[in-house]
Amino acid sequence: MRDLNFFEPYIEKRSFKLNKSLVLYALLMILLLGIAAYGVYNQLTIKALQSDIKSRKEVAENPKTLERVNEIKALEEDVMNFREEVEKIKELDNAIENKDIIDDELLKAIKNKMPEDVFLTNFGAYDKEIQINGISKDKYSIAEFGNGLTSIEDFSEVFISNINQAEDYYKFVLSVTLKDVVDDGKDSE
C-alpha cells in the first residue's frame, strides 16, 4: 500500500509541461486568422480601388472631358508649332544679323568721309547697292566725298552717277556697290 503524504504537493517542485500539439494548433489558428484578416483587407482594398476606377472611368468617358482633352491636345500642337516657328525666326534673325553689312560702323565710316560742305538728303540700300543723294556747295566736295568712300573696305565700287546744279548748290546721286554680299544664297561676284 501506498502512504499518503499530504505535504508532498508542497515539497515537490511543480513543472509546467507544454503540450506541443496544443501550441501548434494555437499557432496554426493565429496563422489562419492572420491570413483571413489579410484576405478581408485585400478584398476591401480591391473594392475601394474598383470604385475609384469606376469614378475615374466615368470622368474619362464623359463627353465634356473628352472634348476638353481634345482642345488641350490641339492647343499643345499649336504651342509646339509656335515654338518651332519661333526657333526658325530666331535662326533667320541670326542669319540676317551675320549677313548684315550695313551697320552702325559702316554708317559712321560714311559720315567720317563726308566733307563739311556735303549734306545727305536720301540714303537707300537695295540688295547689293547703296544709293546716296545729297547736296553740296561745289563739285570738288562731291568728288572728295566719292573718293573718300572708295577707301572703305566694304565698298567695291563707288560711282557718282549724276550731278546737277540748282541755284547756289549742286545735287548729286552717288551709287555704291558692296563687297561680299550674299544674294538669294549665292555669293555675289
Return the set of residues passing side chain to side chain donor-acceptor pair (under 3.5 Å) with [X] (not counting sequence neighbours), or none when no residue passes.
X: Asn62; result: none
X: Ser136; result: none
X: Thr45; result: none

Applying side-chain contact (heavy atoms from CB on, under 4.5 Å), can you list everything that pairs with [X], at least two apart in sequence or on another chain?
X: Lys108; answer: Glu105
X: Tyr25; answer: Ser21
X: Ser51; answer: none
X: Val40; answer: Leu44

Neighbour count above 12 (heavy atom, 6.0 Å) for Asp168 CG: no
Connected via hydrophobic side-chain network under 4.5 Å: Phe123 and Met114: yes
Same apolar cluster: Tyr170 and Phe159, side chain cutoff 4.5 Å: no
With sequence neighbours excluded, residues passing salt bridge (Lys or Arg N to Asp or Glu O under 4.0 Å) with Glu116: none
So, taking the atom named [atom1] in [X] and the one named [atom2] in [Y], what distance separates them when rounded to the nearest 0.5 Å?
X: Leu28; Y: Leu32; atom1: CG; atom2: CG; value: 4.5 Å
X: Ile35; Y: Asn42; atom1: CD1; atom2: CG; value: 12.0 Å
X: Leu31; Y: Leu24; atom1: CG; atom2: CG; value: 11.5 Å
X: Ser156; Y: Glu129; atom1: OG; atom2: CD; value: 9.5 Å
X: Leu149; Y: Glu144; atom1: CG; atom2: CD; value: 11.0 Å

Test log, rule side-chain contact (heavy atoms from CB on, under 4.5 Å), inputs Ile132 and Leu120: CA-CA 7 Å; Ile132 301 171; Leu120 301 182; 3.2 Å; yes
Leu174, Val158, Asp117, Ile160 screened by side-chain contact (heavy atoms from CB on, under 4.5 Å) with Phe145, the one that passes: Leu174
Member of Asn70, Thr65, Ile72 meeting the side-chain contact (heavy atoms from CB on, under 4.5 Å) criterion with Arg68: Ile72
When you measure from the side chain of [X] to the backbone of [Y], do you find a donor-acceptor pair of N or O atoms at a distance under 3.5 Å?
X: Ser141; Y: Pro115; result: no
X: Ser161; Y: Val173; result: yes
X: Thr121; Y: Asn133; result: yes

Lys113 and Ser151: side chain donor to acceptor below 3.5 Å: yes
Within residues 53-67 or reaching into it, pairs that qualify as salt bridge (Lys or Arg N to Asp or Glu O under 4.0 Å) - sequence neighbours excluded: Asp52-Arg56
NZ/NE/NH1/NH2 to OD/OE distance under 4.0 Å, Glu91 and Lys88: no
Running the 4.5 Å side-chain criterion over Ile, Leu, Val, Met, Phe, Trp and Tyr, what cluster does [X] land in, apart from itself?
X: Phe82; result: Val86
X: Phe119; result: Ile135, Tyr169
X: Leu66; result: none

